[in-house]
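Worth knowing before you read on, the calculation uses all heavy atoms, side chains too, and leaves out hydrogens, waters and symmetry mates. Throughout, protein chains are lettered first and strands after them, A, B, ... in sequence-line order, and every chain is numbered starting at 1.
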4 protein chains.
Amino acid sequence: MSTAVDKRRVILDAAVRVFARQGFHTCRVADIADEAGVAYGLVYHYFASKEAILDTLFLERWDVMVAAIAEADASSRPPREKLHAIASFIVDSYRHDPDLMKVIIVEVTRAANTFGRTHLDKIMQAFDGIAAIVEHGQRDGIFRSEVDARFAAQAFYGLIEQVLTQWIFGNVPADAAGFEHAKSELVDIICGGLDA
Amino acid sequence: MSTAVDKRRVILDAAVRVFARQGFHTCRVADIADEAGVAYGLVYHYFASKEAILDTLFLERWDVMVAAIAEADASSRPPREKLHAIASFIVDSYRHDPDLMKVIIVEVTRAANTFGRTHLDKIMQAFDGIAAIVEHGQRDGIFRSEVDARFAAQAFYGLIEQVLTQWIFGNVPADAAGFEHAKSELVDIICGGLDA
Amino acid sequence: MSTAVDKRRVILDAAVRVFARQGFHTCRVADIADEAGVAYGLVYHYFASKEAILDTLFLERWDVMVAAIAEADASSRPPREKLHAIASFIVDSYRHDPDLMKVIIVEVTRAANTFGRTHLDKIMQAFDGIAAIVEHGQRDGIFRSEVDARFAAQAFYGLIEQVLTQWIFGNVPADAAGFEHAKSELVDIICGGLDA
Amino acid sequence: MSTAVDKRRVILDAAVRVFARQGFHTCRVADIADEAGVAYGLVYHYFASKEAILDTLFLERWDVMVAAIAEADASSRPPREKLHAIASFIVDSYRHDPDLMKVIIVEVTRAANTFGRTHLDKIMQAFDGIAAIVEHGQRDGIFRSEVDARFAAQAFYGLIEQVLTQWIFGNVPADAAGFEHAKSELVDIICGGLDA
DNA sequence: CATGAATGAGACTTCATTCAT
DNA sequence: TATGAATGAAGTCTCATTCAT
């Protein structure tokens, strides 16, 4: 029936909120079940473990992002606009669902000892996509050739992640103006540099 | 006696290795005691808790870094060289004791849900110091004024952290040449940008 | 319809295989449903509980055995042949359906803490039947009177069970020759003793 | 200090009582801790798992029994007396500590799906020892040569185990007279057979 | 200072059973 | 009959911390 609730989805969404609020290591599976309003055991009916929930959450979203990066590169726009498209995608992802992005960044992408290592290949796919954009920009003479493309990709991604981290930490107001400002500033710095 | 071993130090050093290898959440206090070659209870004689060990490790090192940033800014060198000095300090810190830097970054700086939040003020001190350098560069007309100094500081730090993360993940060879190359590349990108 | 499958029977047969393979305590009801190729819930449509399945399996077979023992005693054959008939029946039961016999012996007959205690009366019926044969043999002067009939019955049954246990454990090859040999050897030892 | 209680021993002894009373699968580790009067965690300080406790209990006792069998065979007594010595050892073991013997037989020796399989080699050592006695008796012309020695060993052991099982089940009074009677009867049947 | 036994709360996971469809 | 989602109690094992010596 179309009105039937997809309990699996309910659990996933609840997990996002709980992971974001308490952190993966600190929360209990019971918290997720409570937040979702389902019985404890149902969580294990749909997921093999607490980790599997986080994995699912990460993969669902990350694949979309990798696709967005590839799509940006596929267009015929200038490389600066491609990077802007990526920055926009990520910032808008945060704007749309800050909890989910928080979880992905804090618990997976930046967790080098646990999930980050597990999903290293996936994470690298994003870097590869960005590096490709840089390379194409260099090939077309828009970007300087002296810079190592992969290095630049790391720089760009690290920069974005740091900006999101400030929002996550609450150090910087995460409002509409801030979001739009960040998109431009991000690209302006990586492309234009600090030098006058 | 000068030859007496400082057990507190021994425990701290062992903790670095254990945290780096297994991660803070995954390791047990017993692992630290074993690695240090001391009795279980002695860890609690010197430290109030497992967390206190990580706190100590972080603060010991972070204070030195904040001082190094301040020192860099205090010199009369051009801002680009100041940033290079900071990049050098951090990269050399990693070169000298990769385990310690790994622990600080992975378990504290990037752990927005746990220690990162606890030590937010300390972490911000580093950002403030870098922002000051950018501001001074802008004041002197060396850096562009359109860029937000704090934003630029985040960018620079995020960039460095991402580079270190690659070494930590083992994605990029962490050898002498790589270290020196990174220092220059880092500063080149943040100052010169990607644009041709 | 005669071609309709009796799902209850399918479940029972599947349970035999699962219990034999994994053991009653180690297997899950889901394993039985999977093995039977039926829906989870159907198991509970036909049986009140996991235990009820084992009970059913045991009683179905044990009653047949008790009847076989009574029948053996009812004949006018010499007691040694009666015992041989019993040994034959049990050994052939194993030959015909080793999984079922394994389950009955391992999970019921030898499980003094759980099902063995539950079905004690049934189990005793078999002993009583064997004891009756011994008593009749003694009454007819074929068997020595000094021996306690019930004690002898235990001995005979324990002996058979031990032989089956060896096959179950896989210590001894369970082939046609072994089966026939066991039948004779069993009776030879209990009747003839070891003495030269 | 000699008056210090060996908590490990206390736990082991408590486990015997709990396993005997409730059965291995049915009891909880908490029950053992309670029975021992120690904290829950201490059980895991001394033993890796609930299974490890049972393993320890079994091995401690079984090794003594295997040694007793070997010792019996080493003497120059007639084989019938050797078997009597073994029967006496086992029966006296039960008389001395019925709970321990119950646990060993019910939870290990007769548990073909779980611990019995794990300790198969150990269990076989006992059979081997008994088989050796039978062989020596045959070599000396005291026992009939037609009988397979290993088969006879199984028979003898199965017989003893069945007698103990009756005591465990409570079907037969386990008193001093019963113990002594059983020792003789056991040997009388296996050696003399039922035939008049 | 040093040791390591002792404590016990806590969390994950399992799975028999129920129930709505 | 048949399905499989939903429930929740129960139990094992972990491990930070305390404490007696």
Take B/Cys27 and D/Ala30, find for each the nucleotide of DNA chain F with the closest heavy atom, and name the residue whose nucleotide sits nearer the 5' end.
D/Ala30
Go through DNA chain E and write down every stem, that is, every run of at least three consecutive Watson-Crick or G-U wobble pairs with distances under 3.5 Å, as range with range.
E:2-21 with F:2-21
Rounded distance in Å - NE2 (B/His25) to P (E/dC12):
13 Å
Among the nucleotides E/dA11, E/dG4, E/dC15, whichever has the atom closest to the side chain of A/Arg28 is E/dA11
Side chain to side chain, B/Val108 and B/Trp62, heavy atoms closer than 4.5 Å:
no
Measure the distance from NZ on A/Lys7 to C1' on F/dA5 and round it to the nearest whole Å.
8 Å
Nucleotide nearest A/Leu42 (side chain, heavy atoms from C-beta), chosen from F/dA2, E/dG8, F/dA6
F/dA6
Any ion pair linking B/Asp99 and B/Lys102 (charged N to carboxylate O, less than 4.0 Å)?
no
Give the ring-plane orientation class for A/Phe58 versus A/His119, where under 30° counts as parallel, over 60° as perpendicular and anything between as tilted.
tilted
Closest-nucleotide ordering on DNA chain E, the 5'-leading residue of D/Gly37 and B/Gly37
B/Gly37
Could you check if a side-chain atom of B/Cys27 sits within less than 4.5 angstrom of a side-chain atom of B/Arg21, using non-hydrogen atoms only?
no
So D/Met65 and D/Ile104, do their side chains get closer than 4.5 Å, heavy atoms only?
no
For A/Phe47 and A/Arg8, work out which heavy atoms get closest and say how close.
CE2-NH1, 3.5 Å
I want to check something: taking the side chain as every heavy atom from C-beta on, are B/Asn113 and A/His25 in contact at a cut-off of under 4.5 Å?
no
Can you tell if the side chain of B/Leu42 reaches within under 4.5 Å of the side chain of B/His45, non-hydrogen atoms only?
yes
Can you measure D/Asp31 atom CG to F/dT12 atom P for me and round it to whole angstrom units?
8 Å
Identify each atom pair where a protein N or O and an N or O of nucleotides 17-19 of chain E are less than 3.5 Å apart, giving names and distance.
residue: E/dT17; atom: OP2; partner: C/Tyr44; partner atom: OH; Å: 3.0
residue: E/dT17; atom: OP2; partner: C/Lys50; partner atom: N; Å: 3.2
residue: E/dT17; atom: O4; partner: C/Tyr40; partner atom: OH; Å: 3.4

With rounding to whole Å, what would you report as the distance between F/dT21 and E/dC1 at their C1' atoms?
13 Å
When all nucleic acid strands are considered with a 4.0 Å heavy-atom cut-off, which category describes B/Tyr46: base, sugar-phosphate, or nothing?
sugar-phosphate
Lys/Arg-Asp/Glu bridge criterion (N-O < 4.0 Å) met for C/Glu60, C/Arg9
yes
Test side-chain contact (heavy atoms from CB on, under 4.5 Å) on A/Leu57 and A/Phe19; report intermediate values, then the result.
CA-CA 11 Å; A/Leu57 251 15; A/Phe19 287 161; 4.0 Å; yes
Over how many whole Å does the gap from A/Arg8 atom CZ to F/dG4 atom P extend?
17 Å
Gap between atoms CD1 and P, on D/Ile32 and F/dC13 respectively (whole Å)
10 Å
Nearest-Å distance, CZ (A/Arg9) to P (F/dA5)?
17 Å
Could you check how far CD1 of B/Ile11 sits from P of E/dC1, rounded to whole Å?
11 Å
Would you mind reading off the distance between B/Asp6 atom CG and E/dA2 atom C1', rounded to a whole angstrom?
15 Å
Indicate whether OP1 or OP2 belonging to F/dA6 is found under 4.0 Å from a side-chain N or O atom of A/His45.
no
